[in-house]
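Just below is one structure, and these are the notes that go with it.
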Amino acid sequence: MCGGNLLSKNSNLSCAKCSFVNYRNARPTVTAVILRENKILLTKRNNSPFLGWWDLPGGFVDHGESPEEAIAREMREELGMAIKIKKLLGIYPGTYPSATEPFYVLSVVYMVEPLTKEFGIMDKEELKGFKWFKKKELPPRIAFDSNQNVIREFKKVWK
């Protein structure tokens with residue numbers, strides 16, 4: 001804040017000149033698990049990190065937004081999809097990779113039901129496409145360690 005050097009203190013950064021501390025806390029994200037005819041919806045990433053990899057739909061929670069508001073907004077922005085939250089599946093820690101400094105995320109994961117029959121890619125800068133996958137046909141390259149954990153855990157209860 002004052003232009004002083006930041007020093008590493010525990011997992012945070014403290015200013016050598018003033019009392020500013022940069023708490024490097026996990027950043028909240030939201031993720032949707034959407035099933036149709038026993039297939040899960042994955043989106044294909046169109047930017048880094050994980051360009052071209054498959055991903056669960058979702059994104060970052062905006063300032064002042066609840067996770068429920070964030071997942072509804074993300075589904076609208078990415079897929080033009082109105083949703084109904086069926087249940088909270090869990091909260092998963094993860095890492096957002098970066099060339100300079102990776103940071104931690106906490107992903108709030110919901111099982112959601114589309115209320116929109118027709119939907120598609122709304123944000124072509126962010127997404128290349130989407131596809132429904134059967135449990136036994138899931139692609140090997142899933143973006144983000146948190147999403148890999150979500151899918152691994154979900155497969156245990158997916159019938």
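- In this structure, NZ on K84 lies 14.0 Å from OG1 on T116, to the nearest 0.5 angstrom.
- At least one side-chain heavy atom of L6 sits less than 4.5 Å from a side-chain heavy atom of F20.
- The minimum heavy-atom distance linking K17 with G4 is given by the pair CD-CA, 3.8 Å.
- Within the 4.5 Å cutoff, no side-chain heavy atoms of V33 are placed close to those of W158.
- Salt bridge annotation for K86-E113: present, with a cationic side-chain nitrogen under 4.0 angstrom from a carboxylate oxygen.
- Between P114 and I34 the shortest side-chain heavy-atom distance falls below 4.5 Å.
- Between the side chains of S146 and S107, no donor-acceptor pair is found at a separation under 3.5 Å.
- With sequence neighbours excluded, the residues that form a ring pair (Phe, Tyr, Trp, His ring centres under 6.0 Å) with F130 are F119.
- In this structure, R24 pairs ionically with E101, as a charged nitrogen and a carboxylate oxygen lie closer than 4.0 Å.
- For the residue pair N22 / N12, no side-chain donor-acceptor distance below 3.5 Å is found, with atom types taken as modelled.
- T95 approaches F144 most closely through the heavy-atom pair O-CD2, 4.1 Å.
- When every heavy atom of S14 is checked against every heavy atom of K9, the shortest pair comes out as OG-CD, 3.5 Å.
- Around the OH atom of Y104, the shell of radius 6.0 Å holds no more than 12 heavy atoms that belong to other residues, nucleotides or ligands.
- Across all their heavy atoms, M75 and G58 have their closest contact at CE-N, 3.7 Å.
- Contacts of Y110 classified as ring pair (Phe, Tyr, Trp, His ring centres under 6.0 Å), with partners at least two apart in sequence or in another chain: none.
- Ring centroid separation for the pair W54 and F133 comes in under the 6.0 Å cut-off.
- When side chains are defined from C-beta on, V21 does not count as touching L13, because their heavy atoms never get closer than 4.5 Å.
- Of all the heavy atoms in P49 and Y96, the pair that sits closest is CD-OH, 3.2 Å.
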Start with the C-alpha distance between E78 and L127, add both sets of side-chain angles, then the distance that settles side-chain contact (heavy atoms from CB on, under 4.5 Å), and finish with yes or no.
CA-CA 8 Å; E78 291 184 0; L127 302 176; 3.8 Å; yes
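- In this structure, N47 and E126 have side chains that are in contact, with non-hydrogen atoms separated by less than 4.5 Å.
- E77 and R73 are joined by a salt bridge, as a carboxylate oxygen and a charged side-chain nitrogen come within less than 4.0 angstrom of each other.
- Every residue was checked against the ring pair (Phe, Tyr, Trp, His ring centres under 6.0 Å) condition with W132, not counting sequence neighbours, and none meets it.
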